[in-house]
Amino acid sequence: MTNEIIKALVLDKSIRLYFTDNTKVLQEIMKLSKIKDKACYLALAKAVSIMSLLSVTLKTTQRISAVITVTNKKHKIYADTDADGNVRGYVNQALLEEHQQQDSVQSLKEFIGPNASIRMMKGFEMNQFTGITDMPYQNIDDDFAYYFKQSEQTNTIIQTNIEFDNNHGLAKSYGIYAQVLPGTKEGSLEYIREQFEAENLAPMLLGMNDAEIEKELNHHFHNSKVMERKSIQFACHCSKEMFYGFLFSLSDEELQKATESNTSVDTKCHICGRQYVFSPSEIKILLQTR
């Protein structure tokens, strides 16, 4: 069930529970990131894993985006998803340049630092809500849960597990998301956390079919029901039109030189690696419209 999210209701259907094995989609995204530093790599992987889980909370054409600004305000992590399960994530150029090659001994907590923040944007294209909170836990999982508590007044548990192979690449990734519904008994969410941690439930459940999952959930959390599965996948929203801005940033002299030498201008999306080529005739048209 790799790259699928299982949606369930547990404990008298009072808590939404989502869990996923998103290994393949994270491997694809992390390979494109080209990040070498382990702390930076882990931070991006966790952010993308969380956003993949949040995709099932969206409806129709809704999107949700997160920007993590670590204590070094020049360094930012981006992750977003939509209601169709399209997810992506990347770091800004300043962060990539500093952490692309180095392999520091920083922990995740040290990498995030004491003055980091999460900014979330959710909604439809013309109607979005934006919220921002600090990151008191400096571990991303609990910081996102803290965001929901502060911004939406909703108690939430988020747990991601990232395992590395011998070459420090991503070997395995899974995550869980649990959120209370109105009328949930006090302490129910902590009971969910305790059971998942004590029994190592997530990997066990992710290897089962729906009937087996529901049986196991009812063994731990009475009156539980598996609702559905939803697929997730990497998708970049870049287009050739988006890169016209790059051409506009070039001087008339540079563009004129390209047309006179009959040379194309090549551009590349730093998120997905897709290349867009502007021919001399396209450059000439751009010059005429300036």
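Please read all numbers here as calculations on a predicted model, not as lab measurements.
- When hydrophobic clusters are built by joining Ile, Leu, Val, Met, Phe, Trp and Tyr residues whose side-chain heavy atoms come closer than 4.5 Å, directly or via intermediates, Phe278 is grouped together with Leu286.
- Within the 4.5 Å cutoff, the side chain of Leu205 has heavy atoms near those of the Leu217 side chain.
- A salt bridge links Lys172 with Asp21: the closest approach of a Lys/Arg side-chain nitrogen to an acidic carboxylate oxygen falls below 4.0 angstrom.
- Shown here is Lys185, whose NZ atom has no more than 12 heavy atoms of other residues, nucleotides or ligands within 6.0 Å.
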Original post:
Do Asn92 and His75 pass the side-chain hydrogen bond (donor to acceptor under 3.5 Å, both in side chains) test, and can you show the C-alpha distance, the side-chain angles, and the key distance before you say yes or no?
Top reply: CA-CA 7 Å; Asn92 71 342; His75 295 167; over 6 Å; no

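- Counting only heavy atoms from C-beta outward, the side chains of Leu189 and Thr184 never approach each other to under 4.5 Å.
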**OP:** Kindly determine whether Thr259 and Lys284 satisfy side-chain hydrogen bond (donor to acceptor under 3.5 Å, both in side chains), including the steps that lead there.
**Re:** CA-CA 6 Å; Thr259 59; Lys284 187 175 182 180; over 6 Å; no

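- With hydrophobic clusters built from ILVMFWY side chains whose heavy atoms lie under 4.5 angstrom apart, Ile15 does not share a cluster with Met227.
- Classification of the Tyr191-Phe221 ring pair by plane angle, with boundaries at 30° and 60°, yields perpendicular.
- Looking at every heavy atom in both residues, Leu44 comes nearest to Tyr78 through CD1-O, 4.1 Å.
- Considering only heavy atoms from C-beta on, Glu199 stays 4.5 Å or farther from His219 through its side chain.
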Subject >> Test side-chain contact (heavy atoms from CB on, under 4.5 Å) applied to Val265 and Leu247, step by step >> reply: CA-CA 8 Å; Val265 173; Leu247 291 188; 3.8 Å; yes

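- If you chain together hydrophobic residues whose side chains sit under 4.5 Å apart, Phe129 and Ile68 fall into the same group.
- Separating the CD1 atom in Ile157 from the CG atom in Asp142 is a distance of 9.0 Å, to the nearest 0.5 Å.
- For the atom pair NZ (Lys215) and OG (Ser224), the distance works out to 14.5 Å, reported to the nearest 0.5 Å.
- Remark: side-chain polar atoms of Ser117 are not paired, donor with acceptor, to backbone N or O of Thr133 under 3.5 angstrom.
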**OP:** Please assess Lys257 against Glu260 for the test salt bridge (charged side-chain N to carboxylate O under 4.0 Å, His left out), listing each intermediate value before the final yes or no.
**Re:** CA-CA 5 Å; Lys257 185 177 180 181; Glu260 291 175 354; over 6 Å; no

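- The distance from the CG atom of Leu170 to the CG atom of Asn167 is 12.5 Å, given to the nearest 0.5 Å.
- Taking 4.5 Å as the limit, some side-chain heavy atom of Tyr244 sits within range of a side-chain heavy atom of Glu282.
- Crowding of Lys225 atom NZ: a count of heavy atoms from other residues, nucleotides or ligands under 6.0 Å not exceeding 12.
- When all heavy atoms of Arg274 and Cys238 are compared, the closest pair comes out as NH1-SG, 3.1 Å.
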Subject >> Verdict with reasoning, Asp80 to Ile64, per side-chain contact (heavy atoms from CB on, under 4.5 Å) >> reply: CA-CA 6 Å; Asp80 61 69; Ile64 186 167; over 6 Å; no

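- Atom CD of residue Gln138 and atom CG of residue Asn115 lie 8.5 Å apart, to the nearest 0.5 angstrom.
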Subject >> side-chain contact (heavy atoms from CB on, under 4.5 Å) evaluation trace for Thr71 with Phe111 >> reply: CA-CA 8 Å; Thr71 294; Phe111 170 79; over 6 Å; no

**OP:** Given side-chain hydrogen bond (donor to acceptor under 3.5 Å, both in side chains), test Gln233 with Asn86 step by step and report yes or no.
**Re:** CA-CA 5 Å; Gln233 58 281 324; Asn86 297 313; 2.8 Å; yes

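- The two residues Lys59 and Phe124 have their closest heavy-atom pair at O-CE2, 4.1 Å.
- Once rounded to the nearest 0.5 Å, the distance linking CZ of Phe234 with CD1 of Ile271 reads 7.5 Å.
- Residues Asn22 and Ser49 share a closest heavy-atom pair of ND2-OG, 3.0 Å.
- In the hydrophobic clustering of this structure, Ile283 groups with Phe248; members are Ile, Leu, Val, Met, Phe, Trp, Tyr whose side-chain heavy atoms approach within less than 4.5 Å, directly or through other members.
- By the 4.5 Å heavy-atom criterion applied to side chains, Ile5 and Ser55 are counted as neighbours.
- Hydrophobic clustering (ILVMFWY, side-chain heavy atoms < 4.5 Å, transitive): Leu9 and Tyr18 are in distinct clusters.
- Judged purely by distance below 3.5 Å, without hydrogens or angles, the side chains of Thr156 and Gln179 pair a donor atom with an acceptor atom.
- Surrounding CD of Gln153 are more than 12 heavy atoms belonging to other residues, nucleotides or ligands, all under 6.0 Å away.
- The nearest pair of heavy atoms linking Leu26 to Val48 is CD1-CG1, 3.7 Å.
- Checked by atom type, the side-chain pair Gln159/Asn161 shows no donor-acceptor distance below 3.5 Å.
- Among residue pairs with one or both ends in residues 204-213, those qualifying as side-chain hydrogen bond (donor to acceptor under 3.5 Å, both in side chains) are Asp210-Arg229; sequence neighbours excluded.
- Ser52 OG to Arg88 CZ: the interatomic distance, rounded to the nearest 0.5 Å, is 15.0 Å.
- Taking each heavy atom of Ala171 and Thr23 in turn, the nearest pair found is O-CG2, 3.6 Å.
- In this model, no donor atom of one side chain and acceptor atom of the other lie less than 3.5 Å apart for Asn139 and Lys109.
- A cation-pi arrangement is present between Lys38 and Phe164 under the rule of less than 6.0 angstrom and at most 45 degrees off the ring axis.
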Original post:
Is there a side-chain contact (heavy atoms from CB on, under 4.5 Å) between Phe144 and Met135 once you walk through the steps?
Top reply: CA-CA 8 Å; Phe144 269 87; Met135 299 177 67; 5.8 Å; no

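- Counting heavy atoms from C-beta on, the side chains of Tyr146 and Ile158 never come closer than 4.5 Å.
- Between Leu11 and Ile192, the closest side-chain pair of non-hydrogen atoms falls below 4.5 Å.
- Using a 4.5 Å heavy-atom cutoff, the side chains of Asp143 and Pro136 are in contact.
- Look at Lys24 and Glu4 and you find no salt bridge, because none of the NZ, NE, NH1 or NH2 atoms lies under 4.0 Å from a carboxylate O.
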